[in-house]
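Remember, it's 1-based here, ligands and their atoms both numbered in the order they're listed.
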Amino acid sequence: MQSVHFDPELLDILRSARHVAAFTGAGVSAESGIPTFRDAQTGLWAKYRAEDLATPEAFRRDPATVWNWYAWRRELMREVKPNPGHLAIAALERLVPRVTVITQNVDGLHARAGSTEVIELHGNIWHNLCVDCRTPAPEEALGDGAPPACPHCGGHIRPGVVWFGESLPAAAWTRAAEVLETADVFFCIGTSSLVEPAASLPRHARSCGRTVIQVNPEATGHDEIAQYILRGKSGEVLPALLKAAWPHVG
Ligand code: BJW
Ligand code: ZN
């Protein structure tokens, strides 16, 4: 592995942390082969219009197009594996007393990597529910329709993700706010930090006195609030950081 120099003060902060929060976005899954949203050329929003696919209005107008787009993304996600970035975050649980992942991602890769405390702010693409009666619809019970019909009320089944204009799941948001009370280190990994209210978390973390560490190959609007900026891909930076902080561990 390429040798990387990290600020010794940062390594001490990590080694003495009691509770680490890892706030993640699409960039952490990019090295697994899942496209991000806003990267020029490769991001989903470079090819598709968010207002045609990721809003409740779009689903009402054209449920088949929206359902098929999510079905396509689910198939893509089924094929991929957690990458060294997800695995490093999961490995942190063996080095620090408590680690909480607060993710905007819907792909479920943090849990697949072994992270045990994961807060999903924007839902999960593997969960479906009825738009009318809100009954969850397990994937194996879905009919063939695009979208399938709810077995209880005949309503359309939709993906259990959070679209623009929708509120975040209240329980997830409350848990995320609680994490800011106790986490001493707040990583901000692979997110453009443009989508609210999730993007307010790093600012809150900083104003609560947490050490904010940014991991991203590109500059973001949150660089100015981070005490440490680690410029690079999370699948490279995070394993190198763990190795530097805990050189004698696995
Ligand atoms: C790497 C890397 C590598 C690359 N390693 N890094 C005006 C001002 C403020 C707010 C608003 C506004 N107008 C509207 C709003 C509200 C709106 C919003 O924030 N809009 C802004 C875009 C302007 N927010 C909402 O609507 C939210 N709800 C809400 O506000 O409720 C209150 C309300 C209720 C009623 C009416 C109005 C308000 C809900 C937001 C839901 C977002 N949903 C999506 C889709 C989820 C389902 C799906 O997957 O399809 O969530 S949109 C999309 O963006 C997805 C993501 O979770 C989210 C964030 O994106 P993320 O993760 O940051 O990805 P990218 O692509 O942006 O960035 C990737 C980063 O990775 C880059 O920085 C790269 O450099 C980096 N990277 N490779 C590390 N290898
Ligand atoms: Zn129903």
Side-chain angles (χ1 to χ4, degrees), residues 22-46 48-59 66 69-74 76-77 83-86 88-89 102-108 120-137 147-170 172-173 187-202 214-223 229-239:
F23 172 58
T24 67
V28 79
S29 295
E31 289 156 87
S32 293
I34 300 179
T36 62
F37 292 92
R38 293 170 189 82
D39 281 294
Q41 321 293 334
T42 56
L44 290 169
W45 299 156
Y48 306 96
R49 279 161 41 96
E51 35 305 32
D52 292 341
L53 295 162
T55 66
E57 295 75 22
F59 189 69
V66 174
W69 190 66
Y70 278 92
W72 165 71
R73 285 181 54 211
R74 260 200 300 268
L76 185 77
M77 290 175 188
N83 67 56
H86 299 107
I89 296 168
I102 305 173
T103 190
Q104 299 166 85
N105 298 345
V106 300
D107 54 34
E120 294 181 316
L121 293 178
H122 291 165
N124 186 304
I125 202 163
W126 307 103
H127 299 166
N128 295 289
L129 74 161
C130 172
V131 278
D132 292 329
C133 70
R134 315 295 296 176
T135 304
C150 171
H152 300 280
C153 75
H156 288 147
I157 299 295
R158 61 162 281 180
V161 300
V162 180
W163 285 327
F164 286 110
E166 294 185 316
S167 301
L168 273 52
W173 187 247
F187 278 97
C188 184
I189 306 166
T191 173
S192 60
S193 299
L194 291 171
V195 174
E196 299 289 354
S200 67
L201 291 173
Q214 174 80 264
V215 180
N216 199 308
E218 306 289 337
T220 81
H222 277 164
D223 285 2
I229 297 177
L230 308 179
R231 194 63 83 222
K233 296 180 174 183
S234 45
E236 294 171 4
V237 169
L238 293 173

(request) Can you confirm whether something in the protein, heavy atoms only, sits under 4.0 Å from atom 15 (C) of ligand 1? (result) no
(message) Nearest 0.5 angstrom please: Thr103 OG1 to Glu120 CD, how far?
(response)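 Output value for this atom pair is 7.0 Å.
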(request) Report yes or no: does a heavy atom of Val28 sit under 4.0 Å from some atom of ligand 1? (result)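 No.
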(request) Have a look at ligand 1 and work out which part of Ala54, if any, has a heavy atom under 4.0 Å from it: side chain, backbone, both or neither. (result)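 Neither; no heavy atom under 4.0 Å.
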(request) Examine the proximity of ligand 1 to Val195 and report which part, side chain or backbone, both or neither, has a heavy atom under 4.0 Å away. (result)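 Both backbone and side chain.
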(request) Tell me which one of Gly165, Gly160, Gly190 gets a heavy atom nearest to atom 71 (O) of ligand 1. (result)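 Among Gly165, Gly160, Gly190, the closest heavy atom to atom 71 (O) of ligand 1 belongs to Gly190.
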(message) Looking at atom 25 (C) of ligand 1, tell me if a protein heavy atom falls under 4.0 Å from it.
(response)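 Given the 4.0 Å limit, the answer for atom 25 (C) of ligand 1 is yes, a protein heavy atom qualifies.
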(request) May I ask you to list the protein N, O or S atoms found at less than 2.8 Å from the Zn ion (ligand 2)? (result) Cys130 SG, Cys133 SG, Cys150 SG, Cys153 SG
(message) If the threshold is 4.0 Å, N to carboxylate O, is there a salt bridge linking Arg231 and Glu236?
(response)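 No, Arg231 and Glu236 are not salt-bridged.
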(request) May I ask you to identify the nearest protein heavy atom to atom 49 (O) of ligand 1, giving residue, atom name and distance to one decimal place in Å? (result) Arg73 NH2, 2.7 Å
(message) Could you check whether atom 55 (C) of ligand 1 has a protein contact, counting only heavy atoms that fall below 4.0 angstrom?
(response) yes
(request) Could you find the nearest protein heavy atom to atom 45 (C) of ligand 1 and give me its residue, atom name and distance? (result) Val162 O, 3.7 Å
